[in-house]
Amino acid sequence: MAPYHIRKYRESDRKWVVALFSEGMTEHIPTAFRHILKLPRTLVLLLGGPFALFVVSGSWVLALVASLGLLAALRFLAKYPWIQFKVMSLHTDMSDISESYFSQSGSCFWVAESEGQVVGMVGALPVKKHAVRKEQLELLHLSVASEHRGQGIAKALVRAVLQFARDQGYREVVLSTSALQYSALALYQRMGFQKTGQFFFSMMYRLVALPSIQFTYRLPSAQVSEALGQAGGL
């Protein structure tokens with residue numbers, strides 16, 4: 001028997017969910033910082049800037065201070081996109097999870113519970129850009145507490161979304177995730193999601209070369225319907 005179970009969100013879960021979401025955003029900052037440091041333009045800036053300042057001023061102390069200042073600025077750049085996304089989410093769909101995910105059919109929010117604590121979460125909302133309802137369902141905020149990873153919780157949460165989408169009659173499940181979330185990228189691909197594109201969430205993300213990768217999962221019922229439609233046209 002699994003040491004956890006997946007269930008629908010309850011309002012009493014909010015403190016756990018917000019803490020889990022905040023932790024998930026914060027843990028990506030060191031990875032983003034290392035990513036920025038490896039960018040060619042960053043290396044040129046870190047090496048060339050202080051050296052040029054030394055040549056002009058003749059002061060190694062000033063050059064060292066400039067280097068430390070640049071590193072602090074780069075650390076801020078690594079941190080800002082994740083904090084920006086967290087603040088935006090907590091002021092939009094996650095400001096009132098019950099209202100956002102349970103006020104109408106076709107959306108839902110699940111948590112993974114273990115020993116009375118919420119250790120994982122995921123949400124799903126219909127993509128509003130489609131004129132026809134039940135076309136696409138968007139998977140959002142998949143997160144698992146670090147100490148509970150490796151138990152299949154993330155996979156179980158994604159399966160809950162896929163089953164919900166089938167039951168609700170959606171054709172596709174879509175999502176976007178950062179290019180730096182390597183374990184998430186691998187999970188989605190193993191589960192049958194296909195890459196369909198990439199974009200930059202904002203100018204800040206573009207500045208630090210941090211794209212979001214878009215994925216799509218075609219539900220079997222939609223694939224069968226499409227195949228039958230093509231066969232009927234022969």
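We're numbering straight along the sequence, starting at 1. These numbers were taken from a predicted model, which means no experiment stands behind them.
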S.K.: Can you check side-chain contact (heavy atoms from CB on, under 4.5 Å) on Leu162 and Phe193, steps first, answer last?
M.R.: CA-CA 11 Å; Leu162 295 178; Phe193 284 81; 4.0 Å; yes
S.K.: Measuring only between side-chain heavy atoms, which start at C-beta, is Phe199 closer than 4.5 Å to Gln214?
M.R.: yes
S.K.: In Å, rounded to the nearest 0.5 Å, how long is the span from CG of Leu125 to SG of Cys108?
M.R.: 10.0 Å
S.K.: Kindly write out the residues that satisfy side chain to side chain donor-acceptor pair (under 3.5 Å) with Tyr205, not counting sequence neighbours, or none if the list is empty.
M.R.: none
S.K.: Looking only at heavy atoms, what is the nearest atom pair of Ser107 and Ser100, with distance?
M.R.: OG-O, 4.1 Å
S.K.: Does anything in residues 18-29 form a salt bridge (Lys or Arg N to Asp or Glu O under 4.0 Å)? List the pairs, not counting sequence neighbours.
M.R.: Glu27-Arg149
S.K.: Taking all non-hydrogen atoms of both residues, which atom of Arg41 and which atom of Arg206 are closest, and how far apart?
M.R.: NH2-O, 3.9 Å
S.K.: Considering only heavy atoms from C-beta outward, does the side chain of Lys195 approach that of Gln189 to under 4.5 Å?
M.R.: yes
S.K.: Would you check, one step at a time, whether the test side-chain contact (heavy atoms from CB on, under 4.5 Å) holds for Tyr9 with Arg14?
M.R.: CA-CA 8 Å; Tyr9 169 87; Arg14 179 168 177 77; 3.3 Å; yes
S.K.: List for me each residue that meets side chain to side chain donor-acceptor pair (under 3.5 Å) alongside Ser98, sequence neighbours excluded, and say none if there are none.
M.R.: Glu11
S.K.: Could you report the tightest heavy-atom contact between Phe102 and Lys8, atom names first, then the distance?
M.R.: CE2-CD, 4.2 Å
S.K.: Could you list the residues that satisfy side-chain contact (heavy atoms from CB on, under 4.5 Å) with Ala124, not counting sequence neighbours?
M.R.: Trp110, Leu137, Val161
S.K.: Closest heavy-atom contact between Leu70 and Pro50?
M.R.: CD1-CD, 4.0 Å
S.K.: Hey, could you give me the CZ/CG distance between Phe200 and Leu210, rounded to the nearest 0.5 Å?
M.R.: 8.0 Å
S.K.: Is Met25 linked to Phe76 within one hydrophobic cluster, defined over Ile, Leu, Val, Met, Phe, Trp and Tyr using a side-chain heavy-atom separation of less than 4.5 Å?
M.R.: yes
S.K.: Let me check something: do Val208 and Leu71 share a hydrophobic cluster, defined by ILVMFWY side-chain heavy atoms less than 4.5 Å apart, either directly or through other members?
M.R.: yes
S.K.: Would you mind reporting whether Leu207 and Leu77 have side-chain heavy atoms less than 4.5 Å apart?
M.R.: yes
S.K.: Any non-hydrogen side-chain atom of Val111 less than 4.5 Å from a side-chain atom of Ile6?
M.R.: no
S.K.: Hey, could you give me each pair passing side-chain hydrogen bond (donor to acceptor under 3.5 Å, both in side chains) that has a residue in residues 42-59? Not counting sequence neighbours.
M.R.: none
S.K.: Could you measure the distance from the CD1 atom of Ile36 to the NZ atom of Lys38? Nearest 0.5 Å is fine.
M.R.: 12.0 Å
S.K.: If you define the side chain from C-beta out and look only at heavy atoms, does anything of Gln136 sit under 4.5 Å from Arg171?
M.R.: no
S.K.: To the nearest 0.5 angstrom, please state how far the CD atom of Gln117 sits from the CG atom of Asp13.
M.R.: 11.5 Å
S.K.: Mind checking side chain to side chain donor-acceptor pair (under 3.5 Å) for Thr177 and listing every partner two or more places apart, or none if nothing turns up?
M.R.: Gln181
S.K.: Mind checking side chain to side chain donor-acceptor pair (under 3.5 Å) for His35 and listing every partner two or more places apart, or none if nothing turns up?
M.R.: none
S.K.: Can you measure from OH (Tyr217) to CG (Leu139) and round to the nearest 0.5 angstrom?
M.R.: 12.5 Å
S.K.: Linking I/L/V/M/F/W/Y whenever their side-chain heavy atoms sit closer than 4.5 Å, directly or via other members, would Met191 and Leu175 fall into one cluster?
M.R.: yes
S.K.: Take Leu157 and Leu142 through the test side-chain contact (heavy atoms from CB on, under 4.5 Å) and record every step on the way to the result.
M.R.: CA-CA 8 Å; Leu157 287 165; Leu142 175 65; 3.8 Å; yes
S.K.: Could you check whether any side-chain N or O of His148 sits under 3.5 Å from a backbone N or O of Val144, counting only pairs where one atom can act as donor and the other as acceptor?
M.R.: no
S.K.: Using the test side-chain contact (heavy atoms from CB on, under 4.5 Å), find all partners of Leu43 that sit at least two apart in sequence or belong to another chain.
M.R.: none
S.K.: By side-chain contact (heavy atoms from CB on, under 4.5 Å), which residues pair with Gln163, not counting sequence neighbours?
M.R.: Arg166, Asp167
S.K.: Using a cut-off of 6.0 Å, state whether more than 12 heavy atoms not belonging to Glu115 lie near its atom CD.
M.R.: no
S.K.: Can you list every side-chain hydrogen bond (donor to acceptor under 3.5 Å, both in side chains) pair that touches residues 69-81, not counting sequence neighbours?
M.R.: none
S.K.: Is there a side-chain contact between Leu187 and Lys155 (heavy atoms, below 4.5 Å)?
M.R.: yes
S.K.: Quick check: closest heavy atoms across Tyr4 and Gln151, and the distance to 0.1 Å?
M.R.: CE2-O, 3.5 Å
S.K.: Same cluster or not: Leu47 versus Val65, using hydrophobic residues (I, L, V, M, F, W, Y) connected whenever any side-chain heavy atoms lie under 4.5 Å apart?
M.R.: no
S.K.: Assess whether side-chain contact (heavy atoms from CB on, under 4.5 Å) is satisfied between Val122 and Leu140, documenting all intermediate values.
M.R.: CA-CA 6 Å; Val122 70; Leu140 297 160; over 6 Å; no
S.K.: Report all side-chain donor-acceptor pairs from residues 81-95 shorter than 3.5 Å, counting only partners two or more places apart or in another chain.
M.R.:
from: Trp82; atom 1: NE1; to: Ala78; atom 2: O; distance (Å): 3.4
from: Ser89; atom 1: OG; to: Phe85; atom 2: O; distance (Å): 3.0
from: His91; atom 1: ND1; to: Val87; atom 2: O; distance (Å): 2.8
from: Thr92; atom 1: OG1; to: Met88; atom 2: O; distance (Å): 2.8
from: Thr92; atom 1: OG1; to: Ser89; atom 2: O; distance (Å): 3.4
from: Asp93; atom 1: OD2; to: Tyr101; atom 2: OH; distance (Å): 2.5
from: Asp93; atom 1: OD2; to: His141; atom 2: NE2; distance (Å): 2.8
from: Ser95; atom 1: OG; to: Thr92; atom 2: O; distance (Å): 2.7

S.K.: I'd like to check the side-chain contact (heavy atoms from CB on, under 4.5 Å) partners of Glu113; sequence neighbours left out, ordered by chain and number.
M.R.: His5, Arg7, Arg10
S.K.: Would you check if Phe215 and Leu185 make a side-chain contact, meaning some heavy-atom pair closer than 4.5 Å?
M.R.: yes
S.K.: For Leu180 and Ala32, work out which heavy atoms get closest and say how close.
M.R.: CD1-CA, 3.6 Å
S.K.: I'd like to check Leu74 versus Leu37 (side-chain heavy atoms, cut-off strictly below 4.5 Å). Are they in contact?
M.R.: yes
